[in-house]
Asker: 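Quick one: structure below, then a few questions.
Values in this document were obtained by computation on a predicted structure and should not be read as measured data.
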Amino acid sequence: MIEWFVESSRYLLSLPVTRILAVIADFGLITLLIYGLLYFLRGTRSANVLFGITTFLALAALLANLLELTVISALLSGLWPILGTAIIVIFQPEIRRFFAEAGGIFASQYYKNRNEASKDVISNVVTALESMATSKTGALIVFERNIGLEGLLKTSVRLDAKVDTLLLETIFFKNSPLHDCAVIIRGNKIVAAKAVLPLTPEDSMNPAKKLGTRHRAAIGITEETDAVAVAVSEETGVISAAYKGRLLRGYSGNELVSLLTDLLYQESAGNSEKKSYWRASLELLQWKKTGKGDEK
C-alpha cells in the first residue's frame, strides 16, 4: 500500500502543473457530483435503494476477489455495462424531478411575479384551513411555484377566481361537486379545482403507506414538482404540509403562515437573510408532530 502511494506521488509530481490541476479538478468534480447526488436523495426511499445496491455490489466484488469465485466475477463484469440503464429505470422519478428542478431554476425569473403569492392570499388560505380543520372538512390545496402545473389543469375544472376564505370553504364543503381532489393556486388566483394529483407509491418501504389518498397526493405532487401542498384530514382535523416529498403534520395557524410566507412570498429586500422555516420545521417538528391513525 505504501509503495503504491509512493509510486503514485512520483507519477503525479512528474506531470506538468496544468495536468496536475486537471487531475485535481477531475476528482473534485466527481466528489461534488457524488455529494450532490446524496444530498438530493437524502431522506427518500431512493437513498435506501442506492445504499442497498452499492453495499451488495461492493460485498459481492470483495468476496469474489478474496475467494477467487470466477463465475461470480464474470457475472459482475457483465453487470457493469447494464448498470447505467438499471439506474435510470430504478431512479426514474428522482431523475425527472432533478431535471424539472434544474429547469425551474432557469425559469424562476419568468415565473417569479406570476407565481408569487401575496400575504393576503396566504392569510386567506390559512384562515380557511383553520376553519375546515375545526369542522374536520377534508381539503387539499396546492401552490404552484417555478415548475408549471398546466398538465394537471387540463383534467381539472378550470377557474379564474380570487383567493377567498369563503370560496375555499365552499369548494371543499362535502356536498359540493368540486370538493374531491385538489385546488391549485397560481400566484393570487385559484386556477383549478377538482384537480387529480399523482400519488406517491404505496409500499412497505414508504411511510406514506399509513396515509390516505389525500396525503399521498400531497406528497406525490411535491415529489414531482417544487409545489407546496397543504391538507386537512377529514378524520382528525390535523393540518399537514408537504414540500419536496416530505409531509409534516400538526401545524397550527401561525406555524403554517410562517411556512407558506417563507416558501411562497419573496420580499425584494433582505430575502437572502431570511431563515428557511421549512428547514427549521424538518429539524424541530419531524419528531414532535406525529399523526394518529390513518389520514384520508
Asker: Check whether any side-chain heavy atom of Thr225 sits under 4.5 Å from a side-chain heavy atom of Val142, and report yes or no.
Answerer: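 Thr225 vs Val142: side chains apart.
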Asker: Does the side chain of Leu168 come within less than 4.5 Å of Asn124's, by heavy atoms?
Answerer: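 Not touching, per the 4.5 Å side-chain cut-off.
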Asker: Is Ile239 reachable from Leu260 through a run of hydrophobic residues whose side-chain heavy atoms are each under 4.5 Å from the next?
Answerer: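 In one cluster: yes.
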Asker: Output yes when a side-chain donor or acceptor of Thr222 lies under 3.5 Å from a complementary backbone atom of Ala227, and no otherwise.
Answerer: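 Absent.
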Asker: Glu130 and Gly253: which non-hydrogen atoms are nearest, and at how many Å?
Answerer: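 Shortest heavy-atom separation between Glu130 and Gly253 comes out as OE2-CA, 3.1 Å.
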Asker: Just one of Ile171, Leu167, Leu153 clears the side-chain contact (heavy atoms from CB on, under 4.5 Å) bar with Leu159, so which one?
Answerer: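 Going through the options one by one, the only one that passes is Ile171.
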Asker: Look at the side chain of Thr31 and the backbone N and O of Phe27, then say whether any donor-acceptor pair between them is shorter than 3.5 Å.
Answerer: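 At least one qualifying donor-acceptor pair exists.
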Asker: Should Tyr243 and Ile122 be counted in the same cluster of Ile, Leu, Val, Met, Phe, Trp and Tyr side chains packed under 4.5 Å apart?
Answerer: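 Hydrophobic grouping puts Tyr243 with Ile122.
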Asker: Would you mind reporting whether Ile221 and Leu149 have side-chain heavy atoms less than 4.5 Å apart?
Answerer: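 In contact.
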Asker: Decide yes or no for Thr137 and Val232: does some side-chain heavy atom of the first lie under 4.5 Å from some side-chain heavy atom of the second?
Answerer: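 No. Closest side-chain heavy atoms not under 4.5 Å.
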Asker: Side-chain heavy atoms nearer than 4.5 Å, only ILVMFWY residues, links allowed to pass through others: does that put Tyr251 and Phe172 together?
Answerer: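 Tyr251 and Phe172: one cluster.
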Asker: Looking at Arg216, is its backbone amide N or carbonyl O close enough to the side chain of Thr200 to form a donor-acceptor pair, meaning the two atoms are under 3.5 Å apart?
Answerer: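 The answer is no, because no donor-acceptor pair under 3.5 Å joins these two groups.
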Asker: Do Glu255 and Leu259 have side-chain heavy atoms sitting under 4.5 Å apart?
Answerer: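 SC-SC contact between Glu255 and Leu259 ruled out.
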Asker: Test of understanding: with side chain to side chain donor-acceptor pair (under 3.5 Å), list the residues that count as partners of Ser176, not counting sequence neighbours.
Answerer: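 Ser176 satisfies side chain to side chain donor-acceptor pair (under 3.5 Å) with no other residue.
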Asker: Taking Lys119's backbone N and O only, do any of them form a donor-acceptor pair with Ser123's side chain (distance below 3.5 Å, no angle check)?
Answerer: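 Checking the backbone N and O of Lys119 against the side chain of Ser123, no donor-acceptor pair under 3.5 Å is found.
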Asker: State yes or no: do Leu178 and Leu152 share one hydrophobic cluster built from I, L, V, M, F, W and Y residues joined by side-chain heavy-atom distances below 4.5 Å, directly or via other members?
Answerer: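 Leu178 and Leu152: separate clusters.
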Asker: Is there side-chain contact between Asp160 and Lys189, with heavy atoms separated by less than 4.5 Å?
Answerer: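 In contact.
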Asker: Please check if Val125 and Val191 belong to a single hydrophobic cluster, counting links between Ile, Leu, Val, Met, Phe, Trp and Tyr side chain heavy atoms closer than 4.5 Å.
Answerer: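 No, no single cluster joins them.
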Asker: Knowing that exactly one of Val183, Ile185, Ile184 qualifies, which makes a side-chain contact (heavy atoms from CB on, under 4.5 Å) with Phe143?
Answerer: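 With Phe143 as partner, side-chain contact (heavy atoms from CB on, under 4.5 Å) holds for just one option, Ile185.
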Asker: How many angstroms lie between atom CD of Glu169 and atom OG of Ser135, to the nearest 0.5 angstrom?
Answerer: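 Nearest 0.5 Å value for the CD-OG distance: 7.0 Å.
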Asker: Sub-3.5 Å donor-acceptor pair from the side chain of Asp262 to the main-chain atoms of Ser258, do we have one?
Answerer: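 Checked: no pair found.
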Asker: Quick one: are Glu234 and Arg214 in side-chain contact, heavy atoms under 4.5 Å?
Answerer: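 Yes; the side chains approach each other to less than 4.5 Å.
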Asker: Please examine the side chains of Lys194 and Pro177, heavy atoms only from C-beta on, and report whether any two atoms are closer than 4.5 Å.
Answerer: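 With C-beta onward as the side chain, the pair stays apart.
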Asker: Do the side chains of Glu150 and Arg186 get close enough for a salt bridge, i.e. N-O under 4.0 angstrom?
Answerer: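 Result for this pair is yes, salt bridge flagged.
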Asker: Do side-chain atoms of Arg145 reach the backbone of Asp226 as a donor and acceptor pair under 3.5 angstrom?
Answerer: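 Such a contact is found between Arg145 side chain and Asp226 backbone.
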